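First up is the structure itself, then whatever we jot down about it.
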Protein chains: 2
Amino acid sequence: MSSLLALEDTFLAGLNNVERRKYVQKIKIVKHLYVKGAKTNADICGRFQISAPTSTAMLNELIAEGLVEKQGRGKSIGGRKPELYGLKDKSLFVLSIHMEKYKARLAIFDNNNSPVTGMQTFPIEVTQDLQAVDQVHEQAMRLIEVSGIDPQKLIGVGINMPGLVASKEGNNHTYLRVPGGAESLQQLLEHKFGKPVYIQNDVKSATLAEYRFGLAHGRRDVLVLSMDWGVGLGMILDGKLRSGASGFAGEFGHIPLVEDGRLCHCGKRGCLETVASGSALVRNAQEGIRAGENTLLQALSEPEIEQLEVEQVIRAAHDGDQFAINILAEVGLNLGKGIAILIQLFNPELIILGGEIAQAKPFVLPAIQQAITIYCMKQLRENTRIVVSELGRDAMILGSVATVMENVFETPLDLT
Amino acid sequence: MSSLLALEDTFLAGLNNVERRKYVQKIKIVKHLYVKGAKTNADICGRFQISAPTSTAMLNELIAEGLVEKQGRGKSIGGRKPELYGLKDKSLFVLSIHMEKYKARLAIFDNNNSPVTGMQTFPIEVTQDLQAVDQVHEQAMRLIEVSGIDPQKLIGVGINMPGLVASKEGNNHTYLRVPGGAESLQQLLEHKFGKPVYIQNDVKSATLAEYRFGLAHGRRDVLVLSMDWGVGLGMILDGKLRSGASGFAGEFGHIPLVEDGRLCHCGKRGCLETVASGSALVRNAQEGIRAGENTLLQALSEPEIEQLEVEQVIRAAHDGDQFAINILAEVGLNLGKGIAILIQLFNPELIILGGEIAQAKPFVLPAIQQAITIYCMKQLRENTRIVVSELGRDAMILGSVATVMENVFETPLDLT
DNA sequence: AAGCACTTTTCTAAAATTTTAACAAAAGAT
DNA sequence: ATCTTTTGTTAAAATTTTAGAAAAGTGCTT
């Protein structure tokens with residue numbers, strides 16, 4: 001077996017204890033190098049509690065397999081300079097797909113998270129049925145072909161999608177429903193692609209990206225909020241992305257926040273999303289415009305009002321529009337009340353705000369902070385920082401790369 | 001070194017890789033036997049991916065150290081009957097202490113979680129200062145002496161306490177504050193006892209007990225709610241007790257639930273505790289009695305009303321008192337709204353209700369279920385069962401035993 | 001600036017440990 | 001009663017570690 005990542009169920013079963021342990025150890029080393037970058041032999045010895053000769057032997061095997069290479073020498077700390085071992089560029093590839101309701105983006109990345117193709121964007125419509133899946137698959141196969149990469153080196157496909165995604169089960173419970181009794185959406189995709197496929201909820205995926213490449217890096221308890229049309233939540237708790245029993249954890253947008261509130265599209269009343277989301281912001285703006293509020297947005301025609309976008313309201317605020325600033329602050333206050341609940345329950349060290357709302361930082365952040373001061377206990381509030389994502393839009397597409405890496409390098413043994 | 005659990009910082013440092021790995025492996029085996037009960041050699045080989053001779057050798061060492069014994073033979077699955085290896089009764093002891101605001105309970109348990117002393121209860125007052133600590137220590141030392149156990153075999157002390165407990169840091173941020181700059185409360189106690197001491201918040205401790213010995217056993221995502229005077233929350237997520245960045249996660253009682261609500265003792269307004277707790281129940285009862293509601297509780301004199309206990313209201317409900325039933329249902333509805341938030345955020349498979357409220361199950365559970373139906377998304381609601389604790393009051397004292405075992409057997413390496 | 005003492009890395013071979021293989025004993029299945 | 005399966009030992013084989021030595025640095029002293 002020349003490749004480390006055989007990933008076939010039959011492969012592991014055919015190994016004895018020694019071979020399996022070595023395989024697991026090598027995967028752990030590769031994941032370590034992926035997550036932490038190039039490292040010295042000594043570092044690997046220390047981290048995995050193995051001796052230098054064994055560690056060297058395994059690294060040499062990984063070099064022979066073409067996954068690892070020596071990348072110069074590290075800094076001396078008072079002795080001979082150590083050899084640095086790192087993942088070889090372009091030795092593995094991941095196909096990353098991000099599906100939104102009305103468009104999809106895809107790109108291929110290598111094992112050092114560098115894009116090897118440009119980003120492709122095309123329109124789709126994510127509905128209950130599987131039509132969008134076929135479109136995406138077709139485009140993806142074309143991208144793989146055009147990219148010129150060795151298909152053998154493509155180790156997996158990561159797909160973000162909206163809705164209630166049960167990653168482990170491999171199904172989306174909101175959209176893209178597979179016919180009952182048959183294989184899961186994940187299995188269906190794996191057959192189509194002939195590769196391991198991992199599906200994940202969009203916000204959870206972005207959360208993983210923040211953890212690996214963004215402001216959450218190196219932290220152990222972080223919440224990531226994504227506010228666009230709706231509001232989503234992803235959570236890193238004790239250094240891992242947590243998804244709850246069925247994979248649906250983080251349905252923050254639909255917690256009850258307002259007593260006898262407005263009807264939410266989910267069918268319930270007074271959900272957080274009815275007062276703290278892009279759709280709530282736009283609704284408030286539309287109502288204000290129609291009620292004759294003094295605002296720059298009055299310049300819009302009735303059909304333009306109907307088609308109003310979150311971005312336009314934020315732009316108006318940046319242009320000094322007091323009405324837009326007010327409704328953004330109101331959304332911030334409501335969101336802040338929700339965030340206060342999160343802080344009380346999760347005690348995170350950091351909360352990262354992402355999505356469209358990031359553009360409105362100067363208008364919503366003070367309101368959020370104010371709400372937190374009102375609704376949070378001092379000891380909890382003081383230990384939580386709130387920041388705006390630095391990854392921005394990239395979080396999503398990088399997230400599905402991270403999702404693949406996370407799962408591909410997952411060791412088959414988990415003892416608790 | 002004859003004992004497995006040396007637990008001195010200097011001990012591990014003095015080991016080389018091989019010795020350390022073996023030590024870790026043996027601890028893992030002991031923890032496995034503790035958590036799962038007696039097991040066969042083959043089971044241990046499979047679980048830890050080691051060969052039969054190595055496994056046998058380690059078990060023999062553990063037998064020699066007096067921790068493990070052969071406990072008869074297991075069932076055959078088509079061949080020779082396997083030898084069962086289990087933890088020897090009374091080979092290790094844990095001192096378990098449960099501190100409430102006005103009383104403390106303590107008892108000594110052995111490594112099979114059997115009490116080896118009766119439960120001792122005595123009055124204390126947990127305040128900002130350390131007075132209660134001295135009282136508890138004194139009583140504890142007396143209990144150890146009276147019990148007649150070999151002090152060498154006492155491996156640790158577990159202490160539950162109310163308040164914001166930062167277990168890792170070793171301090172309580174609400175009560176029992178140590179003078180600034182000095183050692184932590186945990187270190188102070190370790191010096192007093194001359195043993196490893198683990199402090200934990202009472203509800204988190206009970207949660208661990210539910211996980212090890214109660215209805216949460218074998219499940220991976222469980223929330224435990226404890227409702228007495230206040231409301232507390234403990235969470236098992238992905239098979240581990242999670243406490244957030246500073247250890248304060250689970251402050252469920254003080255999430256904002258009511259807009260412009262009543263003033264809470266924490267200083268904020270509209271906290272869940274103001275409408276869904278023992279204190280809210282008693283307050284509602286008192287107000288109703290004084291307003292002349294038609295209830296059995298009218299029989300109480302004014303000083304008795306002032307001293308009203310949760311238990312009395314629940315008893316009245318059991319006696320068919322409609323007023324008591326109504327206010328319990330109201331509390332249930334509010335609690336249910338809070339639980340709906342928890343389900344949306346955590347997606348637990350199980351929620352265990354504990355504390356005094358367990359006694360009022362027939363009156364609050366329907367109301368809770370009703371609130372969940374209103375405020376939860378179908379997909380989340382359907383995957384969550386809500387039950388009442390079967391451990392009851394024992395959860396607390398067993399919890400601090402589990403806390404000690406959890407930490408004592410924790411391997412020093414944790415690679416993520 | 002050169003030299004010396006001390007570290008750290010890297011490599012190799014002997015020593016120690018762990019595993020596999022082989023086999024006897026024990027139990028169930030036919 | 002015989003055959004198959006599983007367990008529990010023991011001895012040979014394989015693997016991993018330790019120890020020792022050389023190589024390659026750093027940093028202090030003169």
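Being a predicted model, the structure only gives us computed values, none of them experimental. Residue numbers start from 1 in every chain, and the chains themselves are labelled A, B, ... in the order their sequence lines are given, proteins ahead of strands.
Between the CD atom of B/E61 and the P atom of C/dT17 there is a distance of 10 Å, rounded to whole Å. As a whole-Å value, the separation of A/R21 CZ from C/dT18 C1' is 8 Å. Distance B/Q49 CD to C/dT20 C1': 15 Å, rounded to the nearest Å. For the pair B/I50 CD1 and C/dT20 P, the interatomic distance rounds to 12 Å; values are reported in whole Å. The distance between atom CG of A/N41 and atom P of D/dA23, rounded to the nearest whole Å, is 19 Å. For the pair B/Y23 OH and C/dT17 P, the interatomic distance rounds to 19 Å; values are reported in whole Å. Rounded to an integer number of Å, the gap from CD of A/E83 to P of C/dC11 is 8 Å. As rounded to whole Å, 11 Å separates atom P of C/dT20 from atom CZ of A/R20.
In this view, B/S400 and B/S96 satisfy the side chain to side chain donor-acceptor pair (under 3.5 Å) rule, not counting sequence neighbours. Evaluation of the side chain to side chain donor-acceptor pair (under 3.5 Å) rule for A/S147 yields no partner, not counting sequence neighbours.
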List, one per line, each side-chain donor-acceptor pair under 3.5 Å for residues 67-81 of chain B, sequence neighbours excluded.
residue: B/E69; atom: OE2; partner: B/Q71; partner atom: NE2; Å: 3.0
residue: B/Q71; atom: NE2; partner: B/L87; partner atom: O; Å: 3.2
residue: B/R73; atom: NH1; partner: B/K81; partner atom: O; Å: 2.8
residue: B/R73; atom: NH2; partner: B/E83; partner atom: OE1; Å: 3.3
residue: B/S76; atom: OG; partner: B/G78; partner atom: N; Å: 3.0
residue: B/S76; atom: OG; partner: B/G79; partner atom: N; Å: 2.9
residue: B/S76; atom: OG; partner: B/G79; partner atom: O; Å: 2.5

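Sorted by first and then second residue, the pairs that involve residues 210-219 of chain A and meet salt bridge (Lys or Arg N to Asp or Glu O under 4.0 Å), not counting sequence neighbours, are A/R212-A/E406, A/R219-A/E349. The stretch residues 149-158 of chain B participates, sequence neighbours left out, in no side chain to side chain donor-acceptor pair (under 3.5 Å) pair at all.
Minimum atom distance to the side chain of A/T56 is reached by C/dC11, of the listed D/dT18, C/dC11, D/dT7. Counting only heavy atoms from C-beta on, A/P53 has its side chain closest to C/dT12 among D/dT10, C/dT12, D/dT7.
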Handout entry: Heavy-atom protein contacts under 4.0 Å, nucleotides 25-30 of chain D, coded B base, S sugar-phosphate only, - none
Key = BS----
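Between B/K31 and B/K28 there is no side-chain heavy-atom pair separated by less than 4.5 Å.
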